[in-house]
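All remarks here apply to the structure that follows.
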There are 2 protein chains.
Amino acid sequence: MAVTLRDVARLAGVSSATASRALDPSASAATETRDRVMAAAAELGYIGNTVARSLRTSRTDTIGLLVPDVRNPFFTDLAYAIDKAATEVGLTVMMGSADEDGDAQDRYLVALERHRVDGLLVVPQGGPRPMLQRIVRAFPTVAIDRDADLGVPVVSSDSGGGMRALIDHVISLGHRRVAVVAGPQSTSTGRERLSAAREQLREHGLCLAPGDVVEGDFQLGSGLRAARTLLAATPPPDVIIAADALMALGVLTVLRERGLRLGTDVGVAAFDDNPWFAVLDTPVTVVAQDTARLGRQAVEALLARIAGREVEPSPVPTTLVVRSSLGEAARHGDPHFTPAARTKEDIHG
Amino acid sequence: MAVTLRDVARLAGVSSATASRALDPSASAATETRDRVMAAAAELGYIGNTVARSLRTSRTDTIGLLVPDVRNPFFTDLAYAIDKAATEVGLTVMMGSADEDGDAQDRYLVALERHRVDGLLVVPQGGPRPMLQRIVRAFPTVAIDRDADLGVPVVSSDSGGGMRALIDHVISLGHRRVAVVAGPQSTSTGRERLSAAREQLREHGLCLAPGDVVEGDFQLGSGLRAARTLLAATPPPDVIIAADALMALGVLTVLRERGLRLGTDVGVAAFDDNPWFAVLDTPVTVVAQDTARLGRQAVEALLARIAGREVEPSPVPTTLVVRSSLGEAARHGDPHFTPAARTKEDIHG
DNA sequence: CTGAAAGCGCTTACAG
DNA sequence: CTGAAAGCGCTTACAG
């Protein structure tokens, strides 16, 4: 049916061994032979069969990518960046969304194992599951975003640095009482962002009251629930910081429901940037992650692991993108005297 | 290194042929043998090698998915739905984002061909490119969203119906002058949405002036440019309809820049829903596509094609989601007498 | 029900 | 530089 290497060889009048070499730029073949084989291949429209080659070489030129939920814009951007970076080095990616569900993750991992991917890029969910633990030992693996103590290299943003910059900014605007919709504390990013917030507030002589922290799961629904809890307090917090964009979206939604003005009645900031944040009537201040760089670095690290080299990726810097959702100067000219900041000072200062 | 079927067979004291059958639920084997083989497999942690199996059976249990840009929320949702549906029937998907770039699409298609995917799900870009034409003849293929005259089944939404419902709604609100940020006219969806708008306006005795249509490319930048052109007209149109969410986001951004009030100064509506549309100060009315159903239907159709069966997918219905960006009743109680509608009537009526 | 054998399409030491 | 041969790990007629 499909044209095979033997067909090409026959047409070129050589053995398939020679045809194989002629088609491999890094193998040696007489120029004249190479030309004849190339011509034959072109004439027949030969497309090498990776599965046969893989069986022989035990490389599939395929990597697996496992993310908790592609629909989370951060993971979408990450998947995009990884696809780009992988394609550039001739790797095809098998993508799967585990749906923040451990069993789905396990099923997907087995599929990748059956397919004998060359390596695995994984954003681990929850604790270190046995299946993941096992597969990590069998395949070159690089964790992205979250460190789940798998003993593999981790490519991730400098969450702590991002959060500290954000807290400094929040405080410089005159806000005092900060609440946090934290990520799941079973994830390193969830923990790191929360503890950085706590510590940096302490630097400013402030503290994060127990009632001002609600743990979410990085999904929209938990942002909704967290915001309802947080806004039930009297007085409400000056500022709510969400550990990702989806939970921030939940917070924004609740603000709308309650008729609360963003940046005036309560400030909101989030981790992860997103074009939509910029287009809101009150654009949202965020800590942006450099997904392109994360993707590139992840693929590079995986390539190194596949080659058997050790790697120790360094944290990727984040960027504080100041917009108006904290009631700041971007709009009014004075970072220390904006409507939102003033309101808060009236209450607490 | 990895444990193979032979290892399992040896441990169970049978031939690999028998081991293979014992592990295949649809093959016959003595219960006692089957148990022994299963036990051996479990003991050794045997995971079948798909690449060997594929070479033998010429099925890879893998399908390729090619979308123009995963970061477009519509395609993100679609990819998610397809991944779900595929996983359910034991297929793994190789995903690629062609970046609305024909050459990238071609490179990716060749990679899928080398990997001998069982079938292809593709959202075709631009005209019928030779590479795509060729591959479509070689692999079972189903087109999604767009019909590019490839002679393959097309799974897509009822764009015409959605647009007609939207136009009726716009008109019922008292708007008269409608402008459109159209999708690329090289895509069937781009054409279908524009012509449906034109025809339905005609039904109402209105027409779409040449200056009130700008062709975009479904990406953010073109929405920005289109909105600038459209809003340069005096008076500006009553309503701007964007053919997808990304271009709508561009329109919204320009409105903000100009200090124009959404739903009051000018109405906006879009194709494709998105959680962010709901959280804007003025939530955006949209024609929502049922991505879950599109994904399921695409996988089903592809399975049918792989099995050699003919299929003729029927268009998937869309839903008009009425919010406030056209200045409508949802907010004010009377669909025919809202601020926006009134303003427009003052001008044109 | 089970085993021996062939073969899927490649690549790669091994000779020459 | 080139060819003959083996083999990657499975599955599946073909006998028995």
Side-chain angles (χ1 to χ4, degrees), chain A residues 1-38 40-41 44-62 90 110-118 138, chain B residues 1-38 40-41 44-62 90 110-118 138:
Chain A
M1 171 77 224
V3 15
T4 124
L5 186 64
R6 278 194 69 204
D7 300 326
V8 174
R10 194 146 30 197
L11 180 59
V14 296
S15 71
S16 12
T18 300
S20 177
R21 288 190 204 101
L23 260 18
D24 174 0
S26 71
S28 55
T31 315
E32 197 265 339
T33 308
R34 199 180 289 267
D35 290 348
R36 225 168 53 240
V37 172
M38 301 276 255
L44 297 176
Y46 172 70
I47 302 278
N49 182 331
T50 333
V51 358
R53 150 192 283 238
S54 295
L55 185 56
R56 184 58 231 256
T57 61
S58 49
R59 286 181 312 111
T60 53
D61 298 325
T62 300
V110 174
L112 293 178
E113 193 170 11
R114 286 189 191 289
H115 282 287
R116 297 296 193 269
V117 291
D118 291 341
Chain B
M1 172 79 225
V3 16
T4 123
L5 185 63
R6 278 195 69 202
D7 300 327
V8 174
R10 194 146 30 197
L11 180 60
V14 296
S15 69
S16 9
T18 301
S20 176
R21 287 189 205 101
L23 259 18
D24 174 359
S26 71
S28 54
T31 315
E32 197 266 338
T33 307
R34 199 180 290 266
D35 291 346
R36 226 168 51 242
V37 173
M38 302 277 255
L44 298 175
Y46 172 70
I47 302 277
N49 182 330
T50 332
V51 359
R53 151 192 282 241
S54 295
L55 184 56
R56 185 57 231 255
T57 61
S58 49
R59 285 180 313 110
T60 53
D61 297 325
T62 300
V110 173
L112 293 177
E113 193 170 12
R114 285 189 191 290
H115 283 287
R116 298 295 193 267
V117 292
D118 291 341

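We name chains A, B, ... by the order of the sequence lines, and we start the count at 1 in each one. For clarity, every value in this text was computed on a predicted model and none was experimentally measured.
Of all heavy-atom pairs between A:Ser54 and A:Arg59, the closest is OG-O, 2.9 Å. A pairwise comparison of heavy atoms in B:Asp118 and B:Ser58 identifies OD1-O, 4.4 Å as the closest pair.
Within the 4.0 Å cut-off from OP1 or OP2 of D:dG9, not a single side-chain nitrogen or oxygen of B:Thr4 is found. Of the side-chain N and O atoms in B:Ser20, one or more sit less than 4.0 angstrom from OP1 or OP2 of D:dT11. For D:dC10, the OP1/OP2 oxygens have a side-chain nitrogen or oxygen of B:Tyr46 closer than 4.0 Å. Within the 4.0 Å cut-off from OP1 or OP2 of C:dC8, not a single side-chain nitrogen or oxygen of B:Ser58 is found. For D:dG3, the OP1/OP2 oxygens have a side-chain nitrogen or oxygen of A:Thr18 closer than 4.0 Å. At the phosphate of D:dT2, OP1 or OP2 sits under 4.0 Å from a side-chain N or O atom of A:Thr33. The side chain of B:Arg53 contributes an N or O atom lying less than 4.0 Å from OP1 or OP2 of D:dT11. One finds no side-chain N or O of A:Thr57 lying less than 4.0 angstrom from the OP1 or OP2 phosphate oxygen of D:dC8.
The residue B:Val14 sits close only to the backbone: its heavy atoms come under 4.0 Å of sugar-phosphate atoms, none of a base. Residue contacts for A:Ala17: at a heavy-atom cut-off of 4.0 Å it reaches a base atom on one of the strands shown.
For B:Ala30, whose side chain is taken as the heavy atoms from C-beta onward, the closest listed nucleotide among D:dC1, C:dC1, C:dC14 is C:dC1. The side chain of A:Ala29 approaches D:dT2 more closely than any other nucleotide in the set C:dC10, D:dT2, C:dA6. Closest to the side chain of A:Ser15, from the set D:dA4, D:dT12, C:dG3, is D:dA4. The side chain of B:Ala52 sits closest to D:dG9 out of C:dA13, C:dC1, D:dG9.
D:dG16 sits 16 Å from D:dT12 when the C1' atoms are compared, rounded to a whole Å.
Distance NE2 (B:His115) to P (C:dC10): 14 Å, rounded to an integer number of Å. Per the geometry, CZ belonging to B:Arg21 stands 13 Å off P belonging to D:dC14, to the nearest Å. Whole-Å rounding puts the B:Asn49 CG to D:dT11 C1' distance at 13 Å.
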Test salt bridge (charged side-chain N to carboxylate O under 4.0 Å, His left out) on B:Arg21 and B:Asp24 and set out the steps. CA-CA 5 Å; B:Arg21 287 189 205 101; B:Asp24 174 359; over 6 Å; no
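Applying the Watson-Crick and G-U wobble criteria (two distances, each under 3.5 Å), C:dA13 pairs with nothing in any strand.
For D:dG9, its base never sits under 3.5 Å from the side chain of A:Arg116 at any donor and acceptor pair.
In this structure the side chain of A:Leu23 reaches within 4.5 angstrom of the side chain of A:Met38, judged on heavy atoms.
The CG atom of A:Leu112 sits 11.5 Å away from atom CD1 of B:Ile47, with the distance rounded to the nearest 0.5 Å.
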